[in-house]
Amino acid sequence: RQTLCATLSPKGNGQDDTASIQRAIASCPAGQVVYLQAGTFIIDDGNYLLLDKSITLRGAGPDKTTLAKTNG
């Protein structure tokens, strides 16, 4: 899949990125890509990401984009 429907940057400063990633997933048409730029994306406070259709969630690379849970 090559067509990008969204490109996201991490909020930084320990802020939770879950809602912005989930909004991008929800608005992305099937067969397209949500691209996460390099950095650490925080998924906290009991949140999770739901991939409920055929899209790709792609990062900048294995040592560049991280999904992290910082509160246990």
Check: Under a single-linkage definition using a 4.5 Å side-chain heavy-atom cutoff for Ile, Leu, Val, Met, Phe, Trp and Tyr, are I42 and L49 assigned to the same hydrophobic cluster?
Finding: no
Notebook entry, point to check: Rounded to the nearest 0.5 Å, how far does OG1 of T18 lie from CZ of R23?
Noted result: 10.5 Å
Checklist line | Side-chain donor/acceptor of K53 to backbone N/O of G31, under 3.5 Å | finding: no
Notebook entry, point to check: Roughly how far apart are I43 CD1 and L67 CG, rounded to 0.5 Å?
Noted result: 5.5 Å
Check: Can you name the nearest heavy-atom pair linking A68 to D44, along with the distance?
Finding: O-OD1, 4.5 Å
Exercise answer: donor-acceptor pairs, residues 2-14 side-chain atoms, under 3.5 Å, sequence neighbours excluded:
from: S9; atom 1: OG; to: Q37; atom 2: OE1; distance (Å): 2.4
from: K11; atom 1: NZ; to: D16; atom 2: O; distance (Å): 3.3

Next item on the list: Tell me who clusters with L50, hydrophobic residues only, linked when side chains sit under 4.5 Å apart either directly or through other members.
Entry: Y48
Notebook entry, point to check: Taking only residues at least two apart or on different chains, which pairs with a member in residues 25-35 satisfy side chain to side chain donor-acceptor pair (under 3.5 Å)?
Noted result: none
Note to self: Tell me every residue that passes side-chain contact (heavy atoms from CB on, under 4.5 Å) with S54, counting only those two or more places apart in sequence or in another chain.
What the structure shows: R1, A30
Notebook entry, point to check: Got a sec: does the NZ of K64 have more than 12 other heavy atoms crowding it under 6.0 Å?
Noted result: no
Next item on the list: Please check if atom CG in D52 has more than 12 non-hydrogen atoms from other residues, nucleotides or ligands closer than 6.0 Å.
Entry: yes
Check: Linking I/L/V/M/F/W/Y whenever their side-chain heavy atoms sit closer than 4.5 Å, directly or via other members, would I55 and L57 fall into one cluster?
Finding: yes
Note to self: Checking T65 now: which residues fulfil side-chain contact (heavy atoms from CB on, under 4.5 Å) with it, not counting sequence neighbours?
What the structure shows: L36, F41, A60
Item checked: Sequence neighbours excluded - disulfide bond (SG atoms under 2.5 Å apart) pairs with any residue from residues 36-65 -> none
